[in-house]
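Below is one structure, written out as structure tokens, with a few remarks after it.
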Amino acid sequence: MSPQITPIADTAQDLELAERILTPDGSRIANPQLDAFITDVDAASLRALHRDMVILRRIDAEGVALQRQGQLGLWAPCQGQEATQIGTARALAPQDYVFPSYRETGVIYARGAKPGDYVRMWRGEEGAGHDPAALRVAPLQIIIGAQTLHAVGYALGIRHDGADEVAVTYFGDGATSQGDVNEAMIFASSYQAPVVFVCQNNHWAISEPVSVQSQYPIAGRAPGFGIPSLRVDGNDVLACMAAMRWALAHARSGKGPAYIEAVTYRMGPHTTADDPTRYRKEDELDAWRRRDPITRLEAHLRAIGELSDEQVSQTQAAADVVAREMRAECLGMVTRPPLAVFDGVYAEPHTGLERQRGEYAAYLASFEGEA
Amino acid sequence: MSPQITPIADTAQDLELAERILTPDGSRIANPQLDAFITDVDAASLRALHRDMVILRRIDAEGVALQRQGQLGLWAPCQGQEATQIGTARALAPQDYVFPSYRETGVIYARGAKPGDYVRMWRGEEGAGHDPAALRVAPLQIIIGAQTLHAVGYALGIRHDGADEVAVTYFGDGATSQGDVNEAMIFASSYQAPVVFVCQNNHWAISEPVSVQSQYPIAGRAPGFGIPSLRVDGNDVLACMAAMRWALAHARSGKGPAYIEAVTYRMGPHTTADDPTRYRKEDELDAWRRRDPITRLEAHLRAIGELSDEQVSQTQAAADVVAREMRAECLGMVTRPPLAVFDGVYAEPHTGLERQRGEYAAYLASFEGEA
Amino acid sequence: MTELTLGKALGAGLRQAMRDDEKVVLLGEDIGKLGGVFRITDGLLDEFGASRVIDTPLAESGIVGTAVGLAFRGYRPVVEIQFDGFVYPAFDQIVAQVAKLHYRTQGRVKMPITIRIPWAGGIGAAEHHSESPEVYFVHTAGLRVIAVSNPEDAYRSLRQAIASDDPVIFFEPKRLYHHKGEVDLDAPLADAAPMGLARVVRSGTDATLIAYGAMVATALQAAEAAEDEGISLEVIDLRSLSPVDYDTVAASVRKTGRVVVAHEASREAGMAAEVIASITELCFEYLESAPLRVTGHDVPYPPAKLEKYHLPDLDRLLDAVDRVLDRPNSLTGADA
Amino acid sequence: MTELTLGKALGAGLRQAMRDDEKVVLLGEDIGKLGGVFRITDGLLDEFGASRVIDTPLAESGIVGTAVGLAFRGYRPVVEIQFDGFVYPAFDQIVAQVAKLHYRTQGRVKMPITIRIPWAGGIGAAEHHSESPEVYFVHTAGLRVIAVSNPEDAYRSLRQAIASDDPVIFFEPKRLYHHKGEVDLDAPLADAAPMGLARVVRSGTDATLIAYGAMVATALQAAEAAEDEGISLEVIDLRSLSPVDYDTVAASVRKTGRVVVAHEASREAGMAAEVIASITELCFEYLESAPLRVTGHDVPYPPAKLEKYHLPDLDRLLDAVDRVLDRPNSLTGADA
Ligand SMILES: Cc1ncc(C[n+]2csc(CCOP(=O)(O)OP(=O)(O)O)c2C)c(N)n1
Ligand SMILES: Cc1ncc(C[n+]2csc(CCOP(=O)(O)OP(=O)(O)O)c2C)c(N)n1
Ligand SMILES: [Mg+2]
Ligand SMILES: [Mg+2]
């Protein structure tokens, strides 16, 4: 008879069950499994990771502010998930290709997004905020879990091409309930596709605690599909990077898919349209504030004497610059003209749509004589 | 890091990895996990199981024959899977409710199907071959995996009603790849629903060997979802019955879902429309012939002196009677009149459809004057 | 009579249905503590508990498939799909199971499932949050399809949908959730007009404007604007998209001889095509000009900043009215 | 010219497309060793190997989602859905991803995916094996929809579909898989008429019969039968359901003034509604009688023994022809 898996009772216990390198107070502990993957990470690299996370948080705050000021239709904050996103995305090779969900601001940041890229979609100007080919990141995906299959298909193509690349997909704890995400594991396993699954278990799917999706560790599902997995402290940027390097190395070396569950926390609302006070307690938030990924790395860097106040304020200043550029690009965006509504539906002319465009153009033109 | 699960290399090894009580040559071995569940099974019960399997095989052969003779549009043989179907279905309590796939002839037999019930759907007379309420079996499901979610919903209702019942769903190895089947495990686990999943791993999904769906034991997936599972020799009727009793007891006692993978083999074609010689080797079939579930139980019963030649021929005669009744009912079926095509779409009148029915009735009537 | 928003009217309808019949259970994402992202189920968890107001795992096929199983057991599940664009993962369960089980079993198994869908655009939402998928379900035999346009209808027809032994896909125009109207909360359901009837919202003689959902309000505005020019428009709210109440529709067309059908969904093989084809069959000799469609374009729902060029608005309706009346364009003075 | 069955013509089209472009890969259930349940991919595994002829796990959403990923990587996936009724689990990936990615990215990501669907009824099959879901895809902006009726078209338009940078839903009438016809296997694709054009299969002057797929043959039979009575019918094979070639259709209707549209799919909001609504818009003043629909009933596809009462046949087409011509019923002599 199969072993019964132990349910997870509460979110505090959750993190304790995950692999970790930096404790919440910033001390570094030995991790026999992960340490080998980050031997090259020196103080300068740590500072770079810190800087990334600070900038990301600033971008995220600017996104919220822009939405509150009516400049964006919506924003999906990633506050609290900086370590997961930066740690894993900074482990990628340039040629890897990412299939994200809507919350991966940190991932597109790490892949070189331009300031306007963060907001173009949320402002409602375009369907995709960034150029997928430029970042090697697919458009942010709103349909929960759909992108995981795309990553598997892409990985199948990589394998077919014999390329030294990995496809990576990000998704939430809620997404793990979708058929697509499970099918993605099955297809990936069947084809031994070079794909890495990154589940950001941020404990909530809008108002539903992760226990609605699973009362057991999510990473525990992958092995049943023949996919090795790791459950990692998602607020520990080092552990996230190490785990991701393990997973990427596994996939890159032809051993097939790998799976990471990063246990983290969504500090903000689900989106700017959400009111989390309706469903979650302040103390849960408090507990997680004490596990903040940025504070943690900062404490570590300061403890080892590798971060000065001056460096911190330089970083903050750099972050402000990015936020300013983001705001400027956002406010400067010019909406496409009315007929653009017809653009880009098809790659080749579609007679029905051409006719409609013509009719609509004539209709618009009929106003032109008017005052 | 999660343990790597060992892939299964070939179908011979497959069975060795499954729980078993009767070996292929019919000797009984001790099974510490399962024995407790069949302490009451005496020689008479064994003979009854044997008889069930013989009759089922006969029904199945009659289905094939009727199809070959043009009396049925299609038939999905279950030859080779008699132990799985009879063993598990005979473990059910009368109040349990079953959600089967199209191949569960043995399950509806065990639930008391009438002779015409086996063929009514395959003949194309009705959408459902039997009365679901009478057998407490949902209509045979053709959409792969869809029924597993229905079982979970039904089980949720059982729990809500506080009833002493279990919902059971049958599906194939191919079905395990469908999103629905995975979602069913997730919903069942979340709600701790009293549902038993029975995967009949008959090694093939039409022409695809099980390795296309999974190179790892299918039963190994369930624990990741928090569902205890058992991998059982599906050609060992005793092991199937014992495993099913374990699973039902688990579900009935409020502990939530349980999962069984019965490792068996589809001896026939996928359906009468299929030509398995295009994709599978004769020696694989040969190997499985030596593991025949009926021969196995027969050998066991003869070895313990509980089955005589006379009993065997009585059983065979009883089976022939069932087959004759089935044939007679099949041939005697009267197709409903043309306007029946409109019957039963809605529970309450639908004005659009009523109008159409009227038009069609008038159209049909317009021929009535004709020669 | 009580003044309620459409959203509150729906909530009241759910509450009443749950009080009337303990077999009514709700399933959906975030419908419990949160009360749904639109707060339609607000307060129901408190009143009826977690076994009747069920927060589900995030999987629409799972939700509908589970509802099917509950229906097998005699329950009347009401499913909330969080947004229109998220119904597609459940499409198989809806089309192959919910719609067909009654026919498959010749009524031995009933599917009294209501699938509520916050629906359509005009709220500046992100992709997949403004879809108009109604015609997929209209074309699917075995389903009934309702689209509401006001609080009174919402309250009544939601209760009727839940009470119906047939599966109902129930479309709620999300941009009207906050619109208010009078609702008679105590009107007995037994006295109500059947769920399948259309309503003549405004009588007129020159042309018939047919709409449903949020487009009914636009049609009414058009009728008012046209009145200023001496044109008398009849406005019909279809309310039921399957079946369509063609008696009411045909009566109007026989009177006016001219028809405009409006919806947000795209045009190609949309609901307006069905309505026009049927009208042509039923009233050909009464038609004085070609029935016209005013619809969303045949494009995926565009980004928010462009949606105003996609959605039919007052001007586009009036333009069509001019054309159907063979008049010069009343907006611009140009010839038709 | 070579005489081939429609099934073999499709196989030849796939083979040619794979030879022409190594980015073409096939995905589906049982398409490898078995060659598909209809043997359309027979021999392709041997020629192109398992990395281009890919037997997939049994999950349609997975298949289409995987194809999307392959398209992201520059492949041209051709998906086989085993039967029409099994496309619904993939509906979300088709509608929300395949159809929308080009628009979402304004062409930065192309979706040159062909989804082949063995389609429709008339073969006495079990439930879910005789569905006509074409209009779901026609209504979905961003897709092209093709329905073939003969080997020559099958061979050519399948290659065109695969070569197209747009996603194409490709319907293959399974009851014609064994029907034979002449195919020019060597005709260069570049010289072929565009994929979106309809074809006047038979000219006539009294009425236009519009059909597609297997119904084209029935329409031709009807035209022959009508000829015996001195009635001249024009028969149009739509071939492309999105876009519809309304130039060809309208030219015919302007000539005949009378139209019957036939399909197996059910009527309510079916393809015929779209065609009739558009014809009415485009040719209202030419219409001499109401365009008629001859379709499957608005019921789930019935059990095999009843399907002949569901599918439009020669008699039902002739009956409609009589009605559209305002003639007494030619079958029975009864008045129209
Ligand atoms: C198919 C689908 N169903 C429902 C939704 C609505 N929805 C958007 S986000 C969300 C919760 C997602 O939770 P999770 O996967 O944990 O990701 P997170 O938002 O926490 O990053 C839901 C239900 C959707 N976008 N797509
Ligand atoms: C959704 C769906 N996709 C495809 C099919 C076609 N099909 C019918 S049976 C079958 C194989 C099923 O294999 P498995 O689940 O192992 O069951 P078995 O037939 O072996 O009993 C397939 C692909 C289907 N019926 N439903
Ligand atoms: Mg989450
Ligand atoms: Mg199988």
Side-chain angles (χ1 to χ4, degrees), chain A residues 97 99 121 126-128 130-134 138-143 145-161 163 165 167 169 178-180 182-191 193 195 336 340-355, chain D residues 23 25 27 51-52 54-75 77 89 92-93 95-97 99-112 138 141-144 164-167 194-197 240 242-247 278 282:
Chain A
Y97 201 104
F99 291 83
M121 182 187 97
E126 302 273 357
H130 63 269
D131 179 0
L140 302 187
Q141 179 62 252
I142 287 176
I143 298 296
Q147 75 279 11
T148 59
L149 282 167
H150 307 167
V152 173
Y154 195 94
L156 195 55
I158 292 175
R159 219 193 58 171
H160 192 188
D161 297 343
E165 302 174 31
T169 180
Q178 281 285 8
D180 274 8
N182 294 278
E183 294 183 7
M185 289 197 281
I186 290 164
F187 278 62
S189 175
S190 267
Y191 299 131
V195 57
R336 290 175 288 157
V341 79
F342 293 97
D343 288 349
V345 181
Y346 294 95
E348 296 160 14
H350 182 283
T351 51
L353 194 59
E354 306 277 296
R355 184 157 59 99
Chain D
K23 291 294 183 195
V25 294
L27 296 122
S51 67
R52 291 185 67 196
I54 306 171
D55 263 345
T56 64
L58 206 177
E60 288 76 10
S61 188
I63 298 172
V64 174
T66 300
V68 169
L70 281 159
F72 260 97
R73 190 149 178 106
Y75 283 88
D92 180 56
Q93 284 286 348
V95 168
Q97 308 298 332
K100 294 193 170 82
L101 264 158
H102 195 273
Y103 193 64
R104 183 179 303 151
T105 63
Q106 288 294 297
R108 291 204 189 92
V109 175
K110 298 214 176 346
M111 283 291 122
V138 172
L143 302 176
R144 293 174 188 273
S164 167
D165 274 346
D166 288 318
M195 192 170 61
L197 294 188
S240 170
S242 178
V244 169
D245 172 7
Y246 282 118
D247 288 345
S278 287
L282 296 167

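Side-chain atoms are counted along with the backbone in the values below, which use heavy atoms only and exclude waters and symmetry mates. All chains are named by letter (A, B, ...) in the order of the sequence lines, taking the proteins before the strands, and each is independently numbered beginning at 1.
Remark: the Q147(A) side chain and the Q97(D) side chain contain no N/O donor-acceptor pair separated by less than 3.5 Å.
When every heavy atom of R73(D) is checked against every heavy atom of A163(A), the shortest pair comes out as NH2-CB, 3.6 Å. Summarising the geometry of Y191(A) relative to P57(D), their closest heavy-atom pair is OH-CD, 3.5 Å, with the distance given to 0.1 Å. The shortest heavy-atom contact between A146(A) and Q93(D) is O-NE2, 3.4 Å.
Of the listed residues (G142(D), S51(D), P167(D)), the one with the most heavy-atom contacts under 4.5 Å to chain A is G142(D). No other option in S164(D), G196(D), A141(D) has as many heavy-atom pairs under 4.5 Å with chain A as S164(D). No other option in A347(A), G352(A), A167(A), A151(A) has as many heavy-atom pairs under 4.5 Å with chain D as A347(A). With chain D as partner, the option from Q141(A), E348(A), R159(A) having the largest number of non-hydrogen pairs under 4.5 angstrom is E348(A). Between chain A and the options M111(D), H102(D), R52(D), heavy-atom pairs under 4.5 Å are most frequent for H102(D). For the set S242(D), S240(D), S278(D), the count of heavy-atom pairs under 4.5 angstrom toward chain A peaks at S242(D). Interface remark: of the candidates V152(A), V341(A), I186(A), V341(A) forms the most heavy-atom pairs closer than 4.5 Å to chain D. The residue among L156(A), L353(A), D343(A) with the most heavy atom pairs within less than 4.5 Å of chain D is D343(A). Heavy-atom pairs under 4.5 Å with chain D peak, among T148(A), T351(A), I142(A), at T351(A).
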Donor-acceptor contacts under 3.5 Å from residues 59-71 of chain D side chains, at least two apart:
from	atom 1	to	atom 2	distance (Å)
E60(D)	OE1	Q178(B)	NE2	2.8
S61(D)	OG	D180(A)	OD1	2.5
T66(D)	OG1	G62(D)	O	2.6

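H160(A) contributes atom NE2, which lies 7.5 Å from atom NZ of K23(D) (distance to the nearest 0.5 angstrom). Atom OG of residue S190(A) and atom CD1 of residue I54(D) lie 11.5 Å apart, to the nearest 0.5 angstrom.
Contact of D161(A) with chain D is made through backbone and side chain together, with heavy-atom distances under 4.5 Å. Contact annotation for K100(D): neither backbone nor side-chain heavy atoms come within less than 4.5 Å of a heavy atom of chain A. Contact of D247(D) with chain A is not made at all, since no heavy-atom distance falls under 4.5 Å. At a 4.5 Å heavy-atom cutoff, the contact between E165(A) and chain D is made by side-chain atoms alone.
Applying the salt bridge (Lys or Arg N to Asp or Glu O under 4.0 Å) test to R336(A) and every residue at least two apart in sequence or in another chain returns E126(A).
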Could you go through the side-chain contact (heavy atoms from CB on, under 4.5 Å) check for R355(A) and Y246(D) one step at a time? CA-CA 10 Å; R355(A) 184 157 59 99; Y246(D) 282 118; 3.5 Å; yes

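The backbone N or O of F72(D) sits nowhere less than 3.5 Å from a side-chain atom of H150(A) that would complete a donor-acceptor pair. Between the side chain of Y346(A) and the backbone N or O of L143(D), at least one donor-acceptor pair lies under 3.5 Å.
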